[in-house]
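As structure tokens, the structure follows; a few thoughts come after it.
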Amino acid sequence: MSCRGFQRARAGARTPGWCPVCWGFCPTGHRRSAYAGGVAELSALVVGYDDAELVDIASVTSALSLANRLGATPAYRVEVASPDGDDITCDSGLRLGVQRALPEVERVDTLIVSGGNGHVRAASTPGVVDHVRRLAATARRVASVCTGTTVLAAAGLLDGRPATTHWFYAADLAARFPRVRVDSTPVYVRDGKFATSGGVTASLDLTLAFIEEDHGAELARWVAMGMVTYLQRPGNQAQMSIFTETPRSDHALVKRVIDHVVAHPDGDLSTTALAAVAGVSPRQLNRLFREHLHTPPASMVRRIRLELAGQLASSTDLTMGQIARRCGFGSAESLRQAFVARYGVAPRALRQTHARSLARASA
């Protein structure tokens, strides 16, 4: 769907009384911006450097930009800065243009340090560390994504604080900075105004949390849908999760069908209906799914619906009946039976486990 078409879809969902967060009448006003700072715009500065990970940067900037296009008020002013204002070469070899030099930035609302293969060198560069420390002193929020945690740690900003990073580099971070309470498990960790996220795409989960904090759950959900990602994971969910099992395919038609399923879990997702979406016969769709995903469409639909139900059970206060309806199950009991058969645990038990984990993390 084009951006303009997506805006129209969101506008259509915002008819009087209707709220995509509640999936019905909304008595609590999710449609209103949650930010009450009384400012014209919210500045978000992403710190990049040579050998930074492009996905770390793009996940943040794209989500904030989409929030703007969907009506975030106040809007985000999103910029990327490098140590000297020069363009950077990401660790993939691609060149990325930047808008600012770190020394010329006086103040920001949200400071976000990217990760990448160059994180150790960046953390050893005074021109990066000193300016990150300076800007962090007055920023409303300070964050790192992936291995960008190393830069915050080098600036002394995480001493005595819980923090996470890409699970592969967690042991190195803990050894280099023993005063940082490193936990490799969570998707992201919040401690006051400081936030650190896990590996690569966990930066999107953290950014969605920022959008929800600033503008409410409805806008964050529409941004997640616009980026065709599952509803944002709670920070205490493991980086390596049971809800990342759904295989993907490089086949364009198969990808289109899967994206449709993720965006419409409560819709008619029969093989016949999905074949119509793809413009092929049900028999052809079955053949394509078995060839590229080694499973029929019906099995894939059930798996995706269960993953989404698990996300909602662990990250929302919706009743099991509401979750069942959103995810295309006829009743809470049919959801429970399917969930137990797939994961060996009931969705209600999963919710309780996550609640206990969150309580321990907050203690």
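Predicted model only: the values in this text are computed from it and were never measured.
Salt bridge D266/R325: absent, no basic N to carboxylate O contact under 4.0 Å. For R221 and E212, the salt-bridge test fails: no basic side-chain N is under 4.0 Å from an acidic carboxylate O. Residues D259 and R256 are not paired through a salt bridge, judged by the lack of any N-O separation under 4.0 Å between the basic side chain and the carboxylate. Checked for salt-bridge contact, D159 and R181 miss the test: no charged N lies under 4.0 Å from a carboxylate O. Checked for salt-bridge contact, R190 and E213 meet the test: a charged N lies under 4.0 Å from a carboxylate O. Taking the charged nitrogens against the carboxylate oxygens, R95 and D86 have no contact shorter than 4.0 Å, which rules out a salt bridge.
For the atom pair CG (L157) and CZ (R133), the distance works out to 7.0 Å, reported to the nearest 0.5 Å. Here D183 contributes atom CG and L173 contributes atom CG; the two are 11.5 Å apart, rounded to the nearest 0.5 Å. Taken from CD1 in I323 to CG in L335, the straight-line distance is 7.0 Å, to the nearest 0.5 Å. Taking OH of Y76 as the start and NE2 of H215 as the end, the distance is 3.5 Å to the nearest 0.5 Å. Here CD1 of I57 is found 8.0 Å from OH of Y49. Values are rounded to the nearest 0.5 Å. In this structure, F289 CZ and Q284 CD are separated by 11.5 Å, a value rounded to the nearest 0.5 Å.
Taking the centre and axis of the six-membered ring of F194, the NZ or CZ atom of R141 falls outside the cone set by 45° and 6.0 Å.
Each of H251, R303, M300 was scored for a side-chain contact (heavy atoms from CB on, under 4.5 Å) with L293, with one residue passing: M300.
Applying the salt bridge (charged side-chain N to carboxylate O under 4.0 Å, His left out) criterion to E79, with sequence neighbours excluded, gives R77, R100. Considering only residues two or more places apart in sequence or on other chains, T319 meets the side chain to side chain contact (heavy atoms under 4.5 Å, CB included) condition with Q322. With sequence neighbours left out, the salt bridge (charged side-chain N to carboxylate O under 4.0 Å, His left out) criterion links D191 to R161.
Formation of a donor-acceptor pair under 3.5 Å by the R305 side chain with backbone atoms of C327 is found in this model. In this structure, the side chain of T316 engages the main chain of L312 through a donor-acceptor pair within 3.5 Å. With hydrogens and angles disregarded, no donor-acceptor distance shorter than 3.5 Å links the side chain of T164 to the backbone of G198. Under a 3.5 Å cut-off, the side chain of H264 and the backbone N or O of H260 do form a donor-acceptor pair. In terms of modelled atom types and a separation under 3.5 Å, the side chain of T165 and the main chain of C146 share a donor-acceptor contact. For the pair S299 (side chain) and T295 (backbone), a donor-acceptor distance under 3.5 Å is absent. Remark: side-chain polar atoms of S43 are paired, donor with acceptor, to backbone N or O of D109 under 3.5 angstrom. Of the possible polar contacts, one joining the T73 side chain to the G71 backbone as a donor-acceptor pair under 3.5 Å is found. Put simply, the side chain of D268 gets close to the backbone of S270: a donor and an acceptor are under 3.5 Å apart. Side-chain atoms of S62 never come within 3.5 Å of backbone atoms of S59 as a donor-acceptor pair (strictly under, hydrogens ignored).
Contact annotation: the side chain of T147 never approaches that of N117 to less than 4.5 Å [non-hydrogen atoms, C-beta and beyond].
Nearest heavy atom pair, residue D56 against residue G115, reads OD2-N, 3.1 Å. Closest approach of A136 to L111, counting heavy atoms only: N-CD2, 4.0 Å.
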